[in-house]
Amino acid sequence: FHTSPLPSLSIPGPLYSVRVLRPGFCHPNPDGSSRADGSVTLVSGGPLTVLVDTGGPWLRPLLPALLQSQGVSPSDVTHVIVTHGHSDHVGNINLFPGATTLVGFDLSRGEGLYLPQGLSRGVPLVLHPGHLEVTPTPGHTRAHVSLVALGTSLGTVAVAGDVFERRGDDGEWQELSEDPEEQKRSRGRLVALADVIVPGHGEPFRVVREWGHGDGHQEEEEEDKDKDKEEE
């Protein structure tokens, strides 16, 4: 497979549309520190209004305005999906006390009511059958998830958190991974199912497959990277 930039931050759909409200970023500094924030993505249009990742606490003054730009208030959000528990993704969940909230593998609603689900066993959490589901994508952290939106104008969209840091992150993501081998498998699974990926620290990009859908075992990214180099 190879990837190509997406010219827009908005992906419309007949029911659910995906809008990256704020692409994430990560800028390293000479002293070894880095300035970063996670992508914030709104999935809306159907009966559910889903926010995927909330940025860091420093985004709090801006997040309500980002939602309002799409005609959404915090109280309209029915589900908050936090791909993993790092501060640049989970920092503003308290803006949405009425939403069903998933942080990694922890699902809760209301005042601390925790709900059973099978994500830790590899079972997807279906939010809207045939349209929206959360799939476990461990590696960057053990309890990492991605939201999958089906049937958009560009096909299947995976809002992937830090499974992918950004487009073209080969050779970089491993340093930030708790389990690189597991993350490599998660990357391969997302590439096999998604037409568009929203990474955790960059703009969305398209996935262009050499062999079409369904060849997940052939989609291992390192093999594909080598193939791309040969074709260049």
Side-chain angles (χ1 to χ4, degrees), residues 1-25 38-55 66-67 69-72 77-83 89 102 124-137 144-170 173 186-216 218-221 224-225 227-228 231:
F1 77 97
H2 62 275
T3 64
S4 62
L6 201 66
S8 173
L9 298 179
S10 183
I11 305 164
L15 185 58
Y16 288 101
S17 296
V18 178
R19 171 77 183 184
V20 181
L21 299 179
R22 189 172 189 256
F25 59 89
S39 298
V40 179
T41 304
L42 180 69
V43 182
S44 61
L48 306 182
T49 299
V50 182
L51 187 68
V52 186
D53 286 336
T54 68
L66 291 173
L67 289 167
S69 71
Q70 304 303 309
V72 175
V77 175
T78 63
H79 292 72
V80 175
I81 307 300
V82 180
T83 57
H89 296 261
L102 180 74
L125 174 66
V126 177
L127 303 182
H128 186 171
H131 297 279
L132 301 176
E133 69 177 37
V134 179
T135 187
T137 48
H144 192 293
V145 298
S146 300
L147 179 80
V148 177
L150 307 168
T152 76
S153 62
L154 296 181
T156 298
V157 178
V159 187
D162 287 357
V163 177
F164 288 86
E165 294 288 322
R166 59 177 179 82
R167 178 174 177 253
D169 66 352
D170 296 316
W173 61 266
S186 292
R187 286 165 70 96
R189 286 195 297 271
L190 289 187
V191 163
L193 67 86
D195 301 291
V196 174
I197 290 175
V198 179
H201 295 276
E203 297 188 353
F205 58 87
R206 298 195 72 160
V207 176
V208 183
R209 298 179 189 81
E210 303 294 338
W211 302 285
H213 294 271
D215 294 326
Q218 298 183 46
E219 305 275 357
E220 291 289 347
E221 62 177 298
D224 287 328
K225 183 175 70 172
K227 184 176 290 294
D228 285 344
E231 291 175 352

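His89 contributes no side-chain N or O that, together with a main-chain N or O of Thr83, makes up a donor-acceptor pair within less than 3.5 Å. A donor-acceptor pair is defined here as one N or O able to donate and one able to accept, closer than 3.5 Å; such a pair exists between the side chain of Arg187 and the backbone of Val163. Of the possible donor and acceptor atoms, none in the side chain of Arg22 sits under 3.5 Å from a partner among the backbone N and O of Leu66.
Side-chain atoms of Leu51 and Leu21, non-hydrogen and from C-beta on, do get closer than 4.5 Å to each other. Residues Val145 and Leu125 form no side-chain contact, since every pair of their non-hydrogen atoms from C-beta on lies 4.5 Å or further apart. Taking the side chain as every heavy atom from C-beta outward, Phe164 and Val191 approach each other to under 4.5 Å. Looking only at side-chain heavy atoms (C-beta outward), Val196 and Val18 stay at 4.5 Å or farther from each other.
Note that CD of Glu165 is 5.0 Å distant from NE2 of His201, once rounded to the nearest 0.5 Å. Leu15 CG to His128 NE2: the interatomic distance, rounded to the nearest 0.5 Å, is 6.0 Å. Rounded to the nearest 0.5 angstrom, Asp53 CG and Asp162 CG are separated by 7.5 Å. Taken to the nearest 0.5 Å, the CZ atom of Arg166 stands 10.5 Å off from the OG1 atom of Thr3. Atom CG of Leu6 and atom CG of Leu154 lie 6.0 Å apart (nearest 0.5 Å). Atom CG of Leu67 and atom OG1 of Thr54 lie 10.5 Å apart (nearest 0.5 Å).
Taking each heavy atom of Pro204 and Pro199 in turn, the nearest pair found is CA-CD, 3.9 Å. For Arg167 against Phe205, the heavy-atom pair with the smallest separation is CB-CD2, 3.5 Å. Residues Ile197 and Ala160 come closest through the heavy atom pair CG2-CB, 4.0 Å. Closest heavy-atom contact between Ser10 and Arg19: CB-NH1, 3.3 Å. Residue Ser39 comes nearest to Gly24 through the heavy atom pair OG-N, 2.8 Å, listed as atom of the first residue, atom of the second, then distance. The shortest heavy-atom contact between Tyr16 and Thr152 is O-CG2, 4.2 Å.
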Quiz prompt | Trace of the side-chain contact (heavy atoms from CB on, under 4.5 Å) decision for Val207 with Asp195 | solution = CA-CA 5 Å; Val207 176; Asp195 301 291; 5.9 Å; no
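Residues forming a side chain to side chain contact (heavy atoms under 4.5 Å, CB included) with Ser153 (at least two apart in sequence, or on another chain): Ile11, Pro12.
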